[in-house]
Amino acid sequence: MNEKILVVDDEKEIADLLEVYLKNDNYIVHKYYNGIEALECIQKTEIDLAILDVMLPDIDGFCICQKIRENYYFPVIMLTAKIDDGDKIMGLTIGADDYITKPFNPLEVIARVKTQLRRYQKYNNPTKKQFFPKSEYDIRGLIINKDTHKCFLFGKEISLTPIEFSILWYLCEHQGKVVSTEELFENIWKEKYLDNNNTVMAHIGRLREKLNEPAKNPKFIKTVWGVGYEIE
């Protein structure tokens with residue numbers, strides 16, 4: 001598959017030059033002279049790598065890089081006319097993968113692009129959008145946050161043991177899917193499940209008590225008899 005490269009630079013000559021060299025290497029180029037149109041492109045198109053000028057007429061390249069890093073992993077190369085180390089450090093700190101100072105040799109840019117794409121494709125699936133893992137779920141008033149390791153039910157904090165938290169988090173991660181007892185046990189306890197093991201059932205029971213779940217018609221953790229558990 002030909003990788004899609006986003007080029008954003010308000011200097012038309014530079015953007016056009018990069019487009020020519022990238023297309024010569026069979027990349028698909030999405031070229032823009034301002035930040036707003038570039039951000040719209042990112043939302044609609046599966047980009048594999050972005051080349052961003054720092055100084056743009058509307059939104060600077062740093063802001064675009066920050067927006068990208070809110071949702072995507074693909075490589076970002078920053079372009080700048082400044083030689084100030086402060087700008088370089090700023091770019092790398094907010095998530096840029098590489099930094100090139102103007103004026104530059106277009107062949108060097110192409111080499112950097114290939115290097116970053118090789119690294120990206122080695123550790124990621126380039127055919128899919130790359131999102132950062134979700135850190136919080138809010139399911140009808142039940143809020144669980146992995147970063148703070150806290151759980152709230154209708155605004156009131158619920159005290160959970162590490163195992164109870166892990167079980168609830170796993171079920172929330174698989175919301176709408178029936179998770180078998182075996183799958184829960186092996187993912188939470190990291191051990192082989194045995195048929196006569198009632199550990200999961202006991203922990204689910206304690207979780208339901210803490211969530212004030214009615215036994216016959218639980219609101220959150222539902223039992224699918226003979227299969228497992230589900231949060232709808």
Side-chain angles (χ1 to χ4, degrees), residues 39-48 63-76 93-95 120-232:
L39 287 173
E40 291 175 354
C41 172
I42 291 167
Q43 293 174 354
K44 298 175 183 176
T45 309
E46 291 189 6
I47 297 298
D48 295 292
C63 290
I64 298 175
C65 184
Q66 285 178 310
K67 289 288 185 184
I68 289 171
R69 285 295 174 255
E70 288 177 4
N71 292 306
Y72 305 98
Y73 285 124
F74 61 74
V76 174
T93 300
I94 62 175
Y120 173 62
Q121 291 163 354
K122 181 177 180 180
Y123 295 107
N124 300 277
N125 182 350
T127 64
K128 297 180 181 179
K129 287 186 178 180
Q130 301 297 319
F131 293 95
F132 288 107
K134 196 168 183 178
S135 62
E136 182 175 281
Y137 289 93
D138 184 347
I139 301 175
R140 303 185 302 279
L142 172 64
I143 299 174
I144 183 168
N145 188 296
K146 194 172 187 179
D147 292 336
T148 62
H149 220 265
K150 290 185 176 181
C151 179
F152 295 87
L153 180 62
F154 306 126
K156 182 180 178 181
E157 186 172 355
I158 305 297
S159 179
L160 301 178
T161 67
I163 289 293
E164 290 167 351
F165 186 94
S166 296
I167 291 173
L168 186 57
W169 178 262
Y170 193 88
L171 290 172
C172 289
E173 272 191 314
H174 297 80
Q175 183 183 2
K177 173 181 177 290
V178 180
V179 179
S180 70
T181 302
E182 179 180 354
E183 180 182 344
L184 261 178
F185 184 85
E186 293 186 353
N187 277 277
I188 303 303
W189 278 269
K190 309 300 181 185
E191 296 177 11
K192 185 66 179 174
Y193 177 76
L194 301 176
D195 288 340
N196 60 351
N197 192 328
N198 293 321
T199 304
V200 172
M201 185 173 65
H203 279 80
I204 292 289
R206 284 197 288 272
L207 260 175
R208 283 174 170 161
E209 287 178 12
K210 292 183 177 182
L211 296 175
N212 297 317
E213 291 267 65
K216 291 186 178 180
N217 188 27
K219 182 178 180 181
F220 296 107
I221 304 175
K222 300 183 182 296
T223 299
V224 180
W225 295 109
V227 184
Y229 303 94
E230 175 188 22
I231 288 185
E232 294 180 330

* Stepwise, does the side-chain contact (heavy atoms from CB on, under 4.5 Å) test hold for Val76 with Arg69? -> CA-CA 9 Å; Val76 174; Arg69 285 295 174 255; 3.7 Å; yes
* For the atom pair CG (Leu168) and CD1 (Ile204), what is the distance rounded to the nearest 0.5 Å? -> 8.5 Å
* Asked: Nearest 0.5 Å, what's the CG-CD distance between Asn187 and Glu173?
  -> 9.5 Å
* Asked: Phe220 vs Phe154 aromatic rings, parallel, tilted or perpendicular, using cut-offs 30° and 60°?
  -> tilted
* Asked: Rounded to the nearest 0.5 Å, how far does OH of Tyr137 lie from NZ of Lys146?
  -> 8.5 Å
* Structure fact -> Value for CD (Glu164) from CD1 (Ile188), rounded to nearest 0.5 Å, stands at 12.0 Å
* Identify which one of Val178, Leu171, Val179 satisfies the side chain to side chain contact (heavy atoms under 4.5 Å, CB included) criterion when paired with Tyr229. => Leu171
* **Rounded distance [0.5 Å steps], CD1 in Ile144 versus CG in Asp138** => 11.5 Å
* Is there a side-chain contact between Leu142 and Ile158 (heavy atoms, below 4.5 Å)? -> no
* For Lys210, does the NZ atom sit with more than 12 other heavy atoms under 6.0 Å from it, leaving out its own atoms? -> yes
* Asked: Who are the salt bridge (charged side-chain N to carboxylate O under 4.0 Å, His left out) partners of Glu213, not counting sequence neighbours?
  -> none
* Check the surroundings of atom NZ in Lys67: do more than 12 heavy atoms from other residues, nucleotides or ligands lie under 6.0 Å from it? => no
* Asked: Are Lys177 and Glu230 ion-paired here, with the side-chain N under 4.0 Å from a carboxylate O?
  -> no
* Applying ring pair (Phe, Tyr, Trp, His ring centres under 6.0 Å) between His203 and each of Trp189, Phe185, Tyr170, report the one that passes. => Trp189
* Asked: Hey, does Arg208 have a side-chain heavy atom less than 4.5 Å from the side chain of Lys219?
  -> no
* Structure fact -> Between Pro75 and Asp48, the two heavy atoms sitting closest are CD-O, 3.1 Å
* Hey, what do you get for CG (Leu160) to CD1 (Ile167), rounding to the nearest 0.5 Å? -> 10.0 Å
* Structure fact -> Closest non-hydrogen contact found for Glu136 with Asn145 is OE1-ND2, 2.8 Å
